[in-house]
Each structure stands twice: as structure tokens, then as C-alpha cells.
Amino acid sequence: MKRKVFMKLYSFAVTAALTVFSLTSCGGQDLDQVADTLDQGNVAAVSGQGQAATAAAENLLPVEEMFTDRDLRCDYDLTDAITIALTGSSASCDAKSVVISGSTVTITEEGVYILSGSLEGMVAVEAADTDKVQLVLDGAELSNGTNAAIYAKKADKLFITLAESSKNSLSSGSYTEIDENSIDGVIFAKCDLTINGTGSLEIEAAEGHGVVTKDDLVVAGGILTVSAEGHGLEGKDSVRIAAGQLNLTAGKDGIHSENNDNSEKGFVYVADGQFVIISDGDGISAGYCLQIDGGSFSILAGNGSNNRTVARDENGDTVSTKGIKAGAAMTINGGTVVIDAQDDALHAAGNLTVTGGSLQLATGDDGLHSDETATVAGGRVDITDGYEGIEGYHIVIAGGEIHINVTDDGVNAAGGNDQSGFGGRMGRGEMFGATDSTVTISGGILYVNAAGDGLDSNGDLIVTGGETYVSGPENGANGALDYGGSGQITGGVLVAVGTPQMAMNFGETSTQGSILTNVANCKAGDEVRLLDDQGNVLVSYTAESAFSSVVVSCPQLKQGGTYTLSAGGNETEITLESLIYGNGMGGFGGHGGMGDPGNWGGPGDGFGKPDGGRGQGGGRGQSGGRGQGDGRGQDGGRGQGEGRGQDWRPEDGFDGGDGEQPKMPEGNFGGEMPQIPEGGFGGDMPEIPPLPEGGFNDLMPQGSGNDFDSFGNQRDI
């Protein structure tokens with residue numbers, strides 16, 4: 001609130017001051033809007049499909065301290081300003097604080113200096129370390145073939161202000177050592193640096209970086225266009241952006257902040273602004289934390305999600321090509337973000353939190369990746385293309401609206417870390433099997449279309465609210481739901497469709513009803529509907545992939561109730577004798593499995609995971625009923641089939657086959673095992689498919705244990 005009041009008082013003061021002296025200030029940017037962004041700091045609100053999604057904004061940084069009043073004002077007093085005329089190979093100025101030596105102009109004292117004209121040389125700042133120096137570029141062109149165009153060797157702070165409607169340009173060719181500092185930017189500062197104003201500035205770095213400061217870098221206005229062999233913008237301690245239009249093309253990172261000497265510096269903060277970033281490395285990279293509260297971003301990193309070329313640096317190390325990356329935590333509280341990245345779109349080595357904004361992400365690996373907890377509590381997230389959608393040690397969906405369309409797992413809680421350059425498609429870090437990882441869904445709307453597992457947790461899967469709709473895999477090696485610990489649902493709406501082989505339902509600790517049942521040959525575009533005994537539609541969902549298995553849960557399901565599930569041309573009446581109907585994952589690998597005593601499992605399909613799997617019990621055969629499911633065999637086989645109830649007697653063998661029902665030998669299993677009749681159990685046993693050249697790429701189930709990406713590289717999940 002203090003900043004907002006200040007801006008209003010400042011506007012009044014400017015009107016009065018115009019009668020005393022000439023004043024130029026930032027235009028085109030509503031400074032009250034920036035102040036409001038800084039004052040908000042606790043609520044982010046966006047709307048998606050007519051429904052507001054509001055969440056508490058998470059502040060990783062003291063946002064009220066990010067910008068000074070002078071950063072945001074962009075003003076200068078013409079009555080006290082010193083004019084420097086650039087004359088090609090030199091310059092002219094009568095002020096004692098300006099020393100001109102050939103093509104080098106050195107400023108030695110605090111003050112405002114207005115530069116216009118052209119210079120093939122350098123403007124240097126070497127003042128006291130308590131001095132604030134302001135360079136106003138008003139039609140200035142500076143080029144230096146052997147060093148920086150602007151070099152601030154010593155000062156408390158340097159302001160570079162772009163005069164209203166002015167066009168300015170800076171360029172450097174290479175860098176020759178002139179002192180103890182390793183100069184490597186067109187603008188190079190050893191002090192705090194602020195770029196503001198309303199004019200434009202073009203920066204071209206044939207070598208090195210565009211803008212570099214060894215302290216804090218602030219951008220608070222203007223149109224800034226940078227083309228650099230290295231980083232576009234680099235601030236060692238921080239990069240803070242309040243406003244402006246930034247067009248950055250970089251051979252390394254578009255925006256980069258990293259301080260290896262102080263673990264709590266090297267952060268990036270964005271309050272507002274417009275960004276177009278094309279980078280061979282990361283779009284935005286923070287060694288410490290990163291927070292975005294607003295702005296509009298269009299980022300192309302590593303030539304995009306379809307690029308398969310592995311870039312390496314001069315040391316042979318893989319180049320990081322993520323959209324936005326943080327070495328610790330990352331928070332997105334607002335803004336419009338469009339990313340097409342070769343590697344992860346958003347990547348945080350700490351927690352990653354989205355509370356607001358609109359994100360449209362295409363990625364060669366993960367849409368959102370966190371080494372710790374990935375949380376979506378608000379906003380709109382569209383992962384239009386990727387390998388995995390959301391990946392983290394823990395994943396929390398608490399609000400917002402999320403759409404995921406990926407070639408592997410939609411949501412994957414796996415644990416470990418991922419510091420690799422290309423993630424799942426180019427080789428991952430250690431992401432293997434953390435059994436205490438979790439997926440928790442408590443709010444929001446989540447849509448998943450995944451060729452791998454839809455929701456995958458190596459630990460627990462917990463649903464307490466929200467709406468979740470999953471179109472899972474069309475192959476039997478993955479499941480719409482997959483968890484290694486416990487599965488529990490106590491609230492919310494969930495529909496998950498996929499294949500029956502790996503289908504899982506929620507467990508007995510659930511307090512809300514859940515139905516798992518098979519349906520015949522449904523295709524993408526078919527609608528799943530659950531109706532009560534009065535014909536009222538409780539849940540409906542249009543599937544995005546072919547399916548033959550459905551899991552559905554909603555608060556209206558009650559024990560003892562009768563419901564009708566329709567899908568495609570199927571219609572099944574179901575009575576909930578218990579809250580959990582249908583268990584899935586039945587059978588022992590290789591030979592199906594047994595249900596309750598007296599029930600035979602179906603035949604196995606003969607192949608499974610090379611590292612083996614966990615064999616689970618067959619379907620529960622009730623009197624005259626069928627227990628369906630698919631078990632993972634201890635020896636790597638996957639038992640596929642269904643148990644048969646004691647009172648059920650086929651006339652023509654099993655599953656419509658021509659063979660006779662095998663007889664139980666005397667002594668049960670103490671004697672010989674029953675022989676398989678001619679004709680088998682309803683036909684021939686399925687053949688084991690041959691291994692393709694290149695290994696298990698097409699056969700290996702993805703999302704559990706060792707897996708292989710689309711390039712044949714082994715990846716840890």
C-alpha cells in the first residue's frame with residue numbers, strides 16, 4: 001500500500017514540478033499496475049472455462065524490496081543534466097566530471113549524463129562507490145570492436161535510461177583485457193544496474209553476453225532487443241523485471257542469474273513485462289529461486305520440443321535447454337506463459353508451485369518437474385505435448401484447471417532428482433522408485449490423456465476432492481491408475497479409462513465408492529456415463545483414447561446402491577455390495593491366477609517385465625460371478641484372465657472354448673495337476689511376441705521399474 005500511495009503522490013508532484021523544470025518520465029507502462037502487483041503478494045486469481053480459480057500467492061522473495069522508487073520513475077532533471085555529444089571516433093563535453101581520451105569517455109562523478117550521436121569506442125563509469133550515475137541514451141549509437149560499449153567499473157549504481165521515443169544501439173565484437181575484470185558483455189557493470197525509460201535499445205554481442213552485472217540487474221521499462229552469443233541478460237546477484245518489452249536471442253540462456261559464492265543470491269523475479277525469448281540454452285535460469293507474478297512470455301528453448309539434436313558445450317557437457325529453470329524453488333503466481341522447450345518446460349530443483357496465470361507448455365520431457373513437491377493450486381495449465389506431464393517426488397493438485405497430453409505418464413510421483421539435459425528422451429537423472437512419494441488431488445479440474453500411466457505414484461495415490469478425468473493407455477503395459485503403495489479416495493469426481501491388463505481400483509481404506517469394470521471395445525470419442533437407479537446422470541466424460549476398462553467414483557456412490565454404467569455400446573448394472581467394486585490387477589504371472597478357493601484364473605499372456613513384477617491374487621469369484629484382473633508375475637510374466645465362481649459351470653469349456661472343464665484331482669493339489677484339455681481354455685495360448693531390434697522399447701511397460709525412452713535409452717522412473 002505504501003508504494004501505491006507513493007505513486008499517486010508522485011503523480012501530483014510531477015504536475016507541480018513541471019512549472020519549475022523540464023522532466024521526462026516513463027510512459028506506456030501503468031506504474032500503478034506495477035505497484036499493485038507488488039502490493040498484492042498474497043492472492044492470485046484467474047478464470048478458466050467460466051470458473052474462477054483463486055489461490056494464495058506464494059512469495060519466495062520480499063517483493064516489496066525488489067525495486068526502488070527511482071527504478072520505477074525513470075525520470076531525470078534536464079536542468080542539471082550534462083550533455084555528451086558523441087562524434088564518431090571521440091566525443092565532446094565541457095564538464096569536469098567527464099574525461100575524454102581518444103574514443104574512451106570516462107564519467108567520474110555522480111550525476112545525469114545525456115548521450116546522443118555515435119561513437120566507435122567506450123563509455124566508462126569510474127566514480128565513487130557511493131555515487132549513482134544515470135546515463136540517458138537519446139539517439140545514441142555505440143560500437144566497440146574490442147571491448148564493452150558501456151563499462152561501469154566503479155559506482156554504487158548505474159541507471160541507463162532510454163529517452164522517450166529515442167532509438168539507441170550498442171554493440172561489441174570481442175573483448176580485450178584492460179584491467180583485472182573479465183569484461184564479457186556489451187554492457188558490463190561491477191555495480192547494480194537498472195535499465196528503464198520508454199525508448200528502445202538494440203544490443204548485439206558477436207561474442208560474450210548482452211548485458212552483464214556482477215550485482216543486481218533491474219529492467220523497469222523500454223523496448224530492449226538483445227542478440228548475444230552468450231546470455232542475453234545476466235545478473236550475478238539477481239535479475240528483477242518490473243516492466244518493459246524484452247526481445248532476447250541468446251546462444252546460451254535468455255535470462256541468467258547465478259551466484260556460486262552466496263546460496264541465497266542468484267534469483268530471478270518478474271512482476272510484469274512482455275518477453276520473447278529464443279535461446280540455445282534455458283529460456284530463464286536462476287541458480288537460486290525464481291518467482292513470476294505477471295507478464296507475458298513466449299519462450300523457445302533448445303530449438304523446441306521436437307529437436308532431437310544433443311547440444312554440448314566446450315567441455316562436452318550436455319547443454320541445459322529448459323524453458324524456465326530454478327536451482328531451488330519456483331513459483332508462478334500469474335502471467336501468460338507459452339513455452340516450447342527441448343527439455344522440461346518448468347523445472348525446479350526445489351518445490352514448484354503454480355497458484356495462478358495461464359501456461360501453455362510443449363516439451364521434449366516434463367511439462368512441470370520438481371525434485372521435491374510440484375503443486376498446482378490455481379491458474380490454467382495446458383501441457384499440449386510432452387513425454388511426461390507433471391513429475392515430482394510429491395505432486396499436489398489443489399486447484400486450477402490442468403490439461404495434459406503426453407506420450408508417457410500424465411502425472412508421475414517418482415522421487416529422486418532430474419538434473420539431466422534432456423530428461424526422459426535423452427537420459428534422466430536418478431528417478432527410481434521412491435516408495436514414499438505421493439500424488440494428492442484435493443481440488444481443481446484435471447484432464448489427462450497419456451500413452452503411459454495416467455496417474456502414477458510409486459507410493460500412495462490419494463484423492464480427496466476436485467475433478468479428475470483420465471484417458472489412459474491403449475496398450476496393456478500401462479494403466480490409467482498405477483500406485484505402488486495405497487490408493488484411497490474420500491471425495492471428488494474421478495473417471496479413468498484404459499486397458500484392463502494393468503487396471504487398478506482404489507483400496508479398502510477409501511470412504512467413497514469406486515467402481516472398476518471392463519467394457520467392450522470402446523473408442524476415442526465414446527462417452528462414459530454413470531446413472532443412479534432413477535436414471536439421473538451422476539458423472540459423464542468423453543474419452544480421448546480407445547479403452548476397455550473404466551474406473552469411476554463420485555460422492556453419490558453409496559454402499560447397497562444400484563447404478564448403471566454406459567460406455568460406447570456397453571451398459572452394465574452394478575450393485576455396490578461394498579464401497580469398492582472390482583479390484584483389478586488379478587492373476588499370477590504366466591498362468592493367470594486363482595481367485596477365492598475353487599476359482600480358476602484365466603491363462604497368462606506369457607511375457608512381462610524383465611525385472612519381474614509383483615504377483616497379486618486373482619479376481620474374487622463370487623457365486624456365479626467372475627473375478628477379473630491382471631497380475632504381475634514374480635518371474636516377469638503377466639497373468640491375464642478372470643476367476644470363475646464355484647457355482648459357474650460352462651457347457652463348452654472356458655471362455656466359450658471347446659475343451660472340457662478340468663477336474664480337481666483327489667487330494668486337491670496334493671496329487672497331479674489337472675491337464676489342460678485339447679483346445680485349451682477357449683483357444684490357443686497367446687504367443688510370446690519377438691523382441692524387436694534395439695531392445696524392449698515397444699514391449700516394456702512404462703512408468704514402473706526400468707524403462708526405455710523412444711530413443712532406446714534406458715531411463716529410471
Notebook entry, point to check: Where do V338 and L359 land on the side-chain contact (heavy atoms from CB on, under 4.5 Å) test, with the steps shown first?
Noted result: CA-CA 6 Å; V338 178; L359 284 69; over 6 Å; no
Check: Is there a salt bridge (Lys or Arg N to Asp or Glu O under 4.0 Å) between K190 and D215 once you walk through the steps?
Finding: CA-CA 7 Å; K190 292 285 291 181; D215 287 317; over 6 Å; no
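- Side-chain atoms of S305 and D340 form a donor-acceptor pair, as typed in the model, at a separation below 3.5 Å.
- To the nearest 0.5 angstrom, I195 atom CD1 is 5.0 Å from L224 atom CG.
- The shortest heavy-atom contact between A149 and L142 is O-CD2, 3.6 Å.
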Check: Step by step, would you call K265 with D237 a salt bridge (Lys or Arg N to Asp or Glu O under 4.0 Å)?
Finding: CA-CA 5 Å; K265 292 187 176 181; D237 288 350; 3.8 Å; yes
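- A side-chain donor from one of S97 and Y113 sits under 3.5 Å from a side-chain acceptor of the other.
- Ring geometry, Y269 versus F67: the interplanar angle falls from 30° to 60°, so the pair is classed tilted.
- No donor-acceptor pair under 3.5 Å is formed between the side chain of E126 and the backbone N or O of K153.
- The side-chain heavy atoms of T363 and I339, taken from C-beta on, include no pair separated by under 4.5 Å.
- How far CG of D280 is from CG of N303: 8.0 Å, rounded to the nearest 0.5 Å.
- With a 4.5 Å cut-off on side-chain heavy atoms, F275 and I284 do not count as touching.
- Without hydrogens or angle criteria, D382 side chain to I402 main chain gives no donor-acceptor distance under 3.5 Å.
- Distance check: L217 CG to K214 NZ gives 12.0 Å after rounding to the nearest 0.5 Å.
- There is no side-chain donor-acceptor pair under 3.5 Å between S116 and D138.
- In this structure, the side chain of N196 engages the main chain of D71 through a donor-acceptor pair within 3.5 Å.
- A side-chain donor-acceptor contact under 3.5 Å links N262 to the backbone of E264.
- Checking side-chain atoms of D131 against main-chain N and O of A128 turns up a donor-acceptor pair under 3.5 Å.
- Put simply, the side chain of D253 gets close to the backbone of D282: a donor and an acceptor are under 3.5 Å apart.
- F188 and Y151 have tilted rings, their planes meeting at an angle from 30° to 60° on a 0 to 90° scale.
- Minimum heavy-atom separation, A55 to A377: CB-O, 3.2 Å.
- For T130 and D156, the side-chain atoms include no donor-acceptor pair closer than 3.5 Å.
- Proximity of D366 to D343: side-chain heavy atoms (C-beta onward) are nowhere separated by under 4.5 Å.
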Check: When you look at S169 and E202, which way does the side chain to side chain donor-acceptor pair (under 3.5 Å) test go after all the steps?
Finding: CA-CA 5 Å; S169 65; E202 293 186 5; over 6 Å; no
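- The environment of CD in E120 is sparse: at most 12 heavy-atom neighbours from other residues, nucleotides or ligands sit within 6.0 Å.
- By the 4.0 Å N-to-carboxylate-O rule, R70 lies too far from D75 to be salt-bridged with it.
- E234 and H256 are not linked by any side-chain donor-acceptor pair at a separation below 3.5 angstrom, with hydrogens and angles left out of the test.
- The closest donor-acceptor contact from the side chain of S370 to the backbone of G350 lies under 3.5 Å.
- I278 is not listed as a side-chain neighbour of L248, based on a closest heavy-atom distance of 4.5 Å or more.
- Taking each heavy atom of A374 and E391 in turn, the nearest pair found is CB-O, 4.3 Å.
- Of the residues L170, L233, V186, L201, the one that meets the side chain to side chain contact (heavy atoms under 4.5 Å, CB included) test with V211 is L233.
- Formation of a donor-acceptor pair under 3.5 Å by the H394 side chain with backbone atoms of T373 is not found in this model.
- No donor-acceptor distance shorter than 3.5 angstrom exists from the side chain of S174 to the backbone of N147, with no hydrogens or angles considered.
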Next item on the list: Let me see the working for I203 and I187 under side-chain contact (heavy atoms from CB on, under 4.5 Å), right down to the final yes or no.
Entry: CA-CA 9 Å; I203 296 175; I187 300 175; 3.9 Å; yes
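- For the atom pair CD of Q360 and OG of S298, the computed distance is 9.5 Å after rounding to the nearest 0.5 Å.
- Proximity of T194 to L158: side-chain heavy atoms (C-beta onward) are nowhere separated by under 4.5 Å.
- Annotation for I383 and G389: closest pair CD1-O, 3.4 Å, computed over non-hydrogen atoms.
- Of the N and O atoms on the side chains of N168 and S166, at least one donor lies less than 3.5 Å from an acceptor on the other residue.
- A distance of 4.0 Å separates CD1 in I241 from CD1 in I255, rounded to the nearest 0.5 Å.
- Between Q134 and K157, the closest side-chain pair of non-hydrogen atoms is not below 4.5 Å.
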Notebook entry, point to check: After noting the C-alpha distance and the side-chain angles of L115 and V136, does the key distance pass the side-chain contact (heavy atoms from CB on, under 4.5 Å) rule?
Noted result: CA-CA 6 Å; L115 285 70; V136 179; over 6 Å; no
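- Distance check, rounded to the nearest 0.5 Å: CE of M66 to CG of D293 gives 10.5 Å.
- With respect to Q291, the side chain to side chain contact (heavy atoms under 4.5 Å, CB included) criterion is satisfied by exactly one of T353, V63, V270, I332: V63.
- Minimum interatomic distance between Y175 and G185 (heavy atoms only, all atoms of both residues): OH-C, 3.3 Å.
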Next item on the list: Could you give me the CA-CA distance, side-chain angles and deciding distance for V112 and F159, then say whether side-chain contact (heavy atoms from CB on, under 4.5 Å) is met?
Entry: CA-CA 9 Å; V112 177; F159 295 86; over 6 Å; no
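- No side-chain N or O of S172 forms a donor-acceptor pair with one of N144 less than 3.5 Å apart.
- Side-chain atoms of S320 and K325 include a donor-acceptor pair closer than 3.5 Å.
- T79 and D77 share a side-chain donor-acceptor pair at under 3.5 Å.
- Taking 4.5 Å as the limit, some side-chain heavy atom of I390 sits within range of a side-chain heavy atom of I404.
- The two residues G232 and A250 come nearest to each other via the heavy atoms N-CB, 3.7 Å.
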Checklist line | Test salt bridge (Lys or Arg N to Asp or Glu O under 4.0 Å) applied to D216 and R240, step by step | finding: CA-CA 8 Å; D216 298 319; R240 315 166 186 210; 3.4 Å; yes
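- Within the 4.5 Å cutoff, the side chain of L61 has heavy atoms near those of the F267 side chain.
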